[in-house]
2 protein chains.
Amino acid sequence: MLSESVKDCIRALVYLALNEDKKYLSVKEIASNLNLPFFFLAKNIQKLVKDDILESYRGPKGGITFKKPLEQIKIIDIVKSIDGDHLFRKCILGFEECSDENPCAIHRKWVPERERIKNMFSCNLKEIVEEVKSGKNIKL
Amino acid sequence: MLSESVKDCIRALVYLALNEDKKYLSVKEIASNLNLPFFFLAKNIQKLVKDDILESYRGPKGGITFKKPLEQIKIIDIVKSIDGDHLFRKCILGFEECSDENPCAIHRKWVPERERIKNMFSCNLKEIVEEVKSGKNIKL
DNA sequence: AGAATTTAAGATAAAATTATCTTAAATTTG
DNA sequence: CAAATTTAAGATAATTTTATCTTAAATTCT
C-alpha cells in the first residue's frame with residue numbers, strides 16, 4: 001500500500017510537527033529518535049524539500065523545518081511526493097485505460113473506496129498532531 | 001496495493017468463471033487470451049491450487065477449474081493466497097504492534113477504511129461474473 | 001507403446017525497490 | 001580562517017518482486 005519510504009517520512013513529519021517550536025531539527029536527530037536508517041530517511045526527505053513541503057538548512061544548527069503551516073500540509077502530499085499518485089488514480093487491476101466508460105470487472109466497487117482512501121489521506125498534519133497530543137499511548 | 005501476481009490471477013479467474021461450462025481450461029489458453037505471461041501465471045495459479053481454490057488436471061484436455069462453487073470463492077481468498085493477508089490486517093505505518101490499545105498516529109482513521117477494503121474484497125466471483133455478463137464495455 | 005499435451009516444481013535471471021556509502025557544498029562556531 | 005556539523009547528490013550494494021526457463025510427471029489419443 002505505502003512504501004517504506006513514505007511510512008518513514010510520515011512518521012518523521014509527525015515527529016517534526018510535534019517539535020515545531022525548535023527552529024530546525026536535524027534529520028540525524030529525527031532518524032535516531034524514530035529508529036530509522038539515517039541515509040535512507042535523508043534521501044527521502046530530499047524529495048519533500050524539492051516539492052516545497054519542507055525547507056532545509058545546512059551547517060551546525062541546520063536541519064529541516066516545514067515550508068508552510070501544518071494546516072496546509074496533507075498526508076496525501078507526502079504520499080504523492082514520495083510514491084506518486086497512482087494509489088489515488090489507478091485501476092485496481094492495473095488497466096491503464098480503465099474508466100467509468102470502459103471499466104474493469106471491479107471498477108464499480110473500487111472507485112468509491114479509492115475516493116475514501118484519498119479523502120482519508122487528505123487530512124492535514126495539524127489534525128494528526130492534535131490527536132497525538134490529546135490521545136494516550138499513541139506511538140510515533 | 002495488489003501485486004502483479006494477484007491482478008493476473010483475479011483476471012484469470014474471472015475469465016475462467018465466464019467459461020465455467022468447459023470442464024477444464026488450460027492455463028495456456030487463459031494466458032494467451034488475457035495477454036498474460038504464461039510461465040508467470042502458471043506459477044501463481046499453482047498457489048491457488050494448493051489453497052484449494054482451483055483444481056488442476058494434467059495432460060491433453062487438462063487444465064484448471066474451480067474446486068468449489070463460484071459463490072464460495074471470494075476475491076479476498078485469491079488475494080490472501082497470493083499476497084498474504086497483511087493488507088487486511090496490518091498497520092498502515094508498518095508497526096507490528098499497532099492496535100486499538102496502542103495505536104499509531106493514523107490508526108483511528110485507517111482501521112475503518114481497512115475494514116471497508118476487506119469488505120469490498122469479500123465479494124464472490126459469482127457476483128462479479130453476473131455484473132460482467134450484464135454490463136457493457138467491461139474489460140477482462 | 002509412443003507421441004503429444006498439459007500441469008508441477010524448482011532453478012535461474014531480470015527488474016524494481018530498499019538500503020548504504022561516499023564525496024561535496026553550505027553554514028556555524030571558536 | 002579552520003574545524004565541526006549538517007544537508008545534497010549521486011554511486012553502489014542488498015533485497016525483494018517479477019519474469020523466464022528447464023525438467024519432470026501425469027494424462028490422452030492414435
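First the proteins, then the strands, lettered A, B, ... as listed; each starts at 1.
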**Q** If the condition is side-chain hydrogen bond (donor to acceptor under 3.5 Å, both in side chains), which residues does Glu20(B) pass it with, not counting sequence neighbours?
**A**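 If we apply the side-chain hydrogen bond (donor to acceptor under 3.5 Å, both in side chains) test to Glu20(B), skipping adjacent residues, there are no hits.
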**Q** Closer than 3.5 angstrom, by distance alone: can the side chain of Arg114(A) be matched with the main-chain N or O of Lys90(A) as a donor-acceptor pair?
**A**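 Yes, because the side chain of Arg114(A) sits within donor-acceptor range (under 3.5 Å) of the backbone of Lys90(A).
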**Q** Can the positive tip of Lys139(B) be found less than 6.0 Å from the middle of the six-membered ring of Phe95(A), inside 45° of the ring normal?
**A**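 Positive - Lys139(B) is close enough to the ring of Phe95(A) and near enough to its axis.
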**Q** Tell me which residues in residues 40-52 of chain A lie within less than 4.0 Å of DNA chain C, going by non-hydrogen atoms.
**A**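 When residues 40-52 of chain A is checked for heavy atoms under 4.0 Å from DNA chain C, the hits, listed by number, are Phe40(A), Lys43(A).
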**Q** Show the nearest heavy-atom pair for residues Met1(A) and Leu87(A), with the distance to one decimal.
**A**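 It is CE-CD2, 4.3 Å.
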**Q** Output every pair passing side-chain hydrogen bond (donor to acceptor under 3.5 Å, both in side chains) with a member in residues 115-124 of chain B, not counting sequence neighbours, ordered by first then second residue.
**A**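 Those involving residues 115-124 of chain B are Glu113(A)-Arg116(B).
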**Q** Residues sharing Phe40(A)'s hydrophobic cluster, by side-chain heavy-atom contacts under 4.5 Å among ILVMFWY, directly or via others?
**A**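 Listed partners: none, Phe40(A) stands alone.
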**Q** Could you give the start and end, 5' to 3', of the contact zone on DNA chain C for chain A, using atoms under 4.0 Å from its heavy atoms?
**A**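 Contact boundaries, 5' end first: dT18(C) to dT29(C).
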**Q** Here's a test of your reading of the structure: between Ser5(A) and Lys61(B), which maps to the more 5' nucleotide of DNA chain C?
**A**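 Comparing both residues, the 5'-ward one is Lys61(B).
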**Q** Enumerate the residues from residues 9-33 of chain A whose closest heavy atom to DNA chain C is under 4.0 Å, giving them by residue number; use none for an empty result.
**A**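 Those residues: none at all.
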**Q** Among residues at least two apart in sequence or on other chains, which ones pass side-chain hydrogen bond (donor to acceptor under 3.5 Å, both in side chains) with Glu29(B)?
**A**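 Once residues adjacent in sequence are excluded, the partners of Glu29(B) under the side-chain hydrogen bond (donor to acceptor under 3.5 Å, both in side chains) criterion are Tyr15(B).
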**Q** Suppose the criterion is salt bridge (charged side-chain N to carboxylate O under 4.0 Å, His left out): which pairs have a residue in residues 62-72 of chain B, not counting sequence neighbours?
**A**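 Of all non-adjacent pairs touching residues 62-72 of chain B, those that pass salt bridge (charged side-chain N to carboxylate O under 4.0 Å, His left out) are Asp52(B)-Lys67(B).
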**Q** Can you run down the ring-ring contact (aromatic ring centres under 6.0 Å, His included) pairs that involve residues 102-131 of chain B, sequence neighbours left out, and say none if there aren't any?
**A**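 Passing the test, one end in residues 102-131 of chain B: Phe88(B)-Phe121(B).
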**Q** Are Lys80(A) and Arg89(A) side-chain neighbours, meaning at least one heavy-atom pair lies under 4.5 Å?
**A**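 No; the side chains remain at least 4.5 Å from each other.
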**Q** Applying side-chain hydrogen bond (donor to acceptor under 3.5 Å, both in side chains) as the test, list every pair that has at least one member in residues 34-50 of chain B; sequence neighbours left out.
**A**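 Matches after skipping sequence neighbours: Ser5(B)-Asn44(B).
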**Q** Going by ring-ring contact (aromatic ring centres under 6.0 Å, His included), name the residues that satisfy it together with Phe39(B), two or more places apart in sequence or in a different chain.
**A**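 For Phe39(B), no residue satisfies ring-ring contact (aromatic ring centres under 6.0 Å, His included) once neighbours in sequence are set aside.
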**Q** Provide the closest heavy-atom pair for Ser3(B) versus Ile82(B) in the form atom of the first, atom of the second, distance.
**A**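 For Ser3(B) and Ile82(B), the tightest heavy-atom pair comes out as OG-CG2, 4.3 Å.
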**Q** Short of 4.0 Å, heavy atom to strand atom, which residues of residues 75-88 of chain B count as contacting DNA chain D?
**A**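 Within residues 75-88 of chain B, no residue comes under 4.0 Å of DNA chain D.
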**Q** Identify, between Gly59(B) and Glu4(A), the residue whose nearest nucleotide on DNA chain C lies closer to the 5' end.
**A**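 It is Gly59(B), whose closest nucleotide lies nearer the 5' terminus.
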